[in-house]
**Q** 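To start, I am sharing the structure in question, which I have written as structure tokens.
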Number of protein chains: 2
Amino acid sequence: MTTTDGRPRPVTLRDVAQLAGVSVATASKALNGKAEVHPDTRRRVQEIADRLSFTPNSLARAITAGQTGTVGLLTHDLEGRFSLPILMGAEDAFGAGSTSVFLCDARGDAIREQHHLRALLGRRVDGLIVVGSTTDPRPSLGTDVPVPAVYAYAPSVDPRDASVVPDNVTAGRLAAEHLLALGRRRIAHVSGDATYAAAQDRATGVAQALADAGVEPVGPVRYGSWSEAWGRAGVTAVLDADPAVDAVVCGSDQIARGVLDALRERGVRVPADVAVIGFDNWQPMIAGSRPALTSVDMNFETMGRRAATRLSALVAGQQDAGVETIEPRVVVRASTAGD
Amino acid sequence: MTTTDGRPRPVTLRDVAQLAGVSVATASKALNGKAEVHPDTRRRVQEIADRLSFTPNSLARAITAGQTGTVGLLTHDLEGRFSLPILMGAEDAFGAGSTSVFLCDARGDAIREQHHLRALLGRRVDGLIVVGSTTDPRPSLGTDVPVPAVYAYAPSVDPRDASVVPDNVTAGRLAAEHLLALGRRRIAHVSGDATYAAAQDRATGVAQALADAGVEPVGPVRYGSWSEAWGRAGVTAVLDADPAVDAVVCGSDQIARGVLDALRERGVRVPADVAVIGFDNWQPMIAGSRPALTSVDMNFETMGRRAATRLSALVAGQQDAGVETIEPRVVVRASTAGD
DNA sequence: CTGTTAGCGCATTCAT
DNA sequence: ATGAATGCGCTAACAG
């Protein structure tokens, strides 16, 4: 069964039918478990199909069915650390069924997004997952797109769209509440770039938790950049302004890593003197931290799974709109444990 | 143009043809730039197509063409840091044309790999890129797979397959040569897990370069794990055994990071006293290093691009086999600069 | 230049 | 229980 160039030509249903001595229609029914086929015939057909390792051409099937069993995942942050777990979660949720994922990286470029969108629609994807690079709301693809879409990480500005986003306010609350539960009362906050919604939301959550507990924060939130260098600088500024600090909430694990390093170099003991907590629970950063870093995990993989599940529902014709938030969780390690 | 459920039904070529008052065939020729179509007709058809935002159904096209313009990317290490840049490179190289990528993560599980393989073949991908999780050779998919495949990162054991792998021997050479060029002669080597081909290959390269220069290595290669903790422990052992060291080759950026931290804490100046070089040029690790870390970049993105390019050639019917290695490059930063 | 015909691989009536 | 016929959206070969 080879073509001129030596590559085997895909086995078609007709090949199977011919060898089994039945019509294509019968073969189809036999393989798809339709009733009204003689058991013997069915067995025979299935055997032949196996022997030829017949793989039904899902394109031909899709052309009539109107469903391709494929979805497009349009990301803007493939190298970043957010979209990857989301992608894995989605791939996981779909993989259980029989949906395949087209991956496209638009790299924050609207033109490229349009290009990929056309390609995906041409391939007749059943739906789309759009992953943003920040938690700031992004423009909707609009209602003229002929397939349903779910927005992950960055919500759509249009509330009629379905979005799945991390709950940064709760994340901030959880971080602060964890520190409060340890008895800490002199809590400072070193965060990242103030222009990010994520930074603002986490700060809001921290402030809420402190207010609920009747605890004054130590100084204002110190915004900077999402880097270790800023973590070192930021915590130095905090301690220089007011040395009586017993805990630091850090805007990200990278910042926390910097904070840990600076504290150690100042001779401040963690967690005995100062407890430290980060956000994202990002393994590469966590792994090398001394001591091991407590961090708030945003559950990105769950986010990907939820996005996939909601998209499946939309594809199946169900109505579903609005922003869904994913609950974060605190992963406790040495930097706050053993108070 | 909506179905009962409110979703717009995809516009077909027939819709366009009807509105334009021509036959489907003519519309097809007009839109595909075939000759023998009256300019006026072509314009009219194109206008209508635009107005209806007609997107040709590439499935229907593929069914006759025998080519789908899709490839499968089967990875075993989606969360790792190797497959991501490879994937980006491939996506980049394909994206320029009009090939879309199906992404599947088998997570090192052969069963899952088979499952995904069936799904991909059912979708009639034109080819496959198989990405391994280590540089150790992996089993071939075999010749019964009806489409060409290119193996990336982990080569296929079968030399008749096309593979693209990092050149770890050269990487080791480059690292050592860089240090030698700086005048360093007392060079130690702290590496990762000795069971990895990557660790062995890099060690081979380092040894070759030293031998070529007539320089004795300081002590044996110290193997451990690919972690910062081992970097700290390993360099401590090195210095305790022989303090007269002026450079350390580190098996990975993570190890290098640990080495840098331990050196700083011992009061050893980098690079004045000891120069340090890592492998992979992995941004998250590099970003926080003090001083900034010189590292050998394995050019994974290039690897992805090459894999994509070779696969395209195979799909086009060209013959191409054998293992291709990707040249690494040294990215010089403060940990070795300003000698 | 344009339209008619045929066929890709499969699922689905509708006859037999 | 089985098979012949039809159609999905599109392209290619041929006829007008």
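Keep in mind that this is a model prediction, so the values were computed, not measured.
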**Q** Mind checking the CZ-CG spacing from A/Phe82 to A/Leu87? Nearest 0.5 Å is all I need.
**A**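 Result: 15.0 Å between the selected atoms.
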
**Q** Supply the atom-to-atom distance B/Asn299 CG to B/Glu327 CD, rounded to the nearest 0.5 angstrom.
**A**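 Rounded to the nearest 0.5 Å, the CG-CD separation comes to 9.0 Å.
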
**Q** Between B/Asp161 and B/Ser156, does any side-chain donor sit less than 3.5 Å from a side-chain acceptor?
**A**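 Result is yes, a qualifying pair exists.
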
**Q** With respect to the side chain of A/Ala25, which nucleotide from D/dG7, C/dG3, D/dA4 is positioned closest?
**A**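 Between D/dG7, C/dG3, D/dA4, the one nearest the side chain of A/Ala25 would be D/dA4.
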
**Q** Nearest whole angstrom, please: distance from the C1' of C/dG9 to the CZ of A/Arg9.
**A**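 For the pair A/Arg9 CZ and C/dG9 C1', the rounded distance is 11 Å.
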
**Q** Could you grab the distance from atom OG of B/Ser28 to atom CZ of B/Arg61, nearest 0.5 Å is fine?
**A**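 Nearest 0.5 Å value for the OG-CZ distance: 7.5 Å.
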
**Q** Is any side-chain N or O of B/Asn32 closer than 4.0 Å to OP1 or OP2 of D/dT11?
**A**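 The answer is yes; a side-chain N or O of B/Asn32 sits under 4.0 Å from OP1 or OP2.
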
**Q** Using a cut-off of less than 4.0 Å, is there contact between a side-chain N or O of A/Thr41 and OP1 or OP2 of D/dT2?
**A**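 Answer is yes, contact under 4.0 Å.
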
**Q** Grab the CZ-C1' distance between B/Arg61 and D/dC8 for me, whole Å please.
**A**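 My rounded result for the distance is 16 Å.
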
**Q** B/Ile63 has an atom CD1; how far is it from atom P of C/dA6, in whole Å?
**A**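 Going from B/Ile63 (CD1) to C/dA6 (P), I get 19 Å.
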
**Q** In whole angstrom, what separates B/Leu59's CG from C/dG7's P?
**A**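 It works out to 22 Å between those atoms.
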
**Q** Check whether any side-chain N or O of A/Thr12 sits under 4.0 Å from OP1 or OP2 of C/dG9, and answer yes or no.
**A**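 So the side-chain polar atoms of A/Thr12 never come under 4.0 Å of the phosphate oxygens OP1 or OP2 of C/dG9.
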
**Q** Between C/dT12 atom C1' and A/Glu36 atom CD, what is the distance in whole Å?
**A**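 Value for this atom pair: 13 Å.
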
**Q** Take atom CZ of A/Arg14 and atom C1' of D/dA4, then tell me their distance rounded to the nearest Å.
**A**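 From A/Arg14 CZ to D/dA4 C1': 14 Å.
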
**Q** Would you please say whether a donor-acceptor pair under 3.5 Å links the side chains of B/Arg123 and A/Ser100?
**A**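 Yes, a side-chain donor-acceptor pair sits under 3.5 Å.
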
**Q** When the distance from CZ of B/Phe54 to P of D/dG9 is rounded to whole Å, what number comes out?
**A**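 Computing the B/Phe54:CZ to D/dG9:P distance gives 10 Å.
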
**Q** Quick one: is D/dA12 close enough that its OP1 or OP2 comes under 4.0 Å of any side-chain N or O from B/Lys34?
**A**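 Looking at the OP1 and OP2 atoms of D/dA12, one of them is under 4.0 Å from a side-chain N or O of B/Lys34.
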
**Q** Does B/Arg124 or B/Arg42 map to a spot on DNA chain C nearer the 5' end, using the closest nucleotide for each?
**A**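 Residue closer to the 5' terminus by nearest nucleotide: B/Arg42.
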
**Q** Please report the distance, rounded to the nearest Å, between NZ in A/Lys29 and P in C/dA11.
**A**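 Going from A/Lys29 (NZ) to C/dA11 (P), I get 12 Å.
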
**Q** May I ask you to verify if any side-chain N or O of A/Ser23 is less than 4.0 angstrom from the OP1 or OP2 atom of D/dT2?
**A**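 For D/dT2, neither OP1 nor OP2 has a side-chain N or O of A/Ser23 closer than 4.0 Å.
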
**Q** Base, sugar-phosphate, or nothing: which does A/Val24 touch, judged by heavy atoms less than 4.0 Å apart?
**A**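 It contacts nothing in the nucleic acid.
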
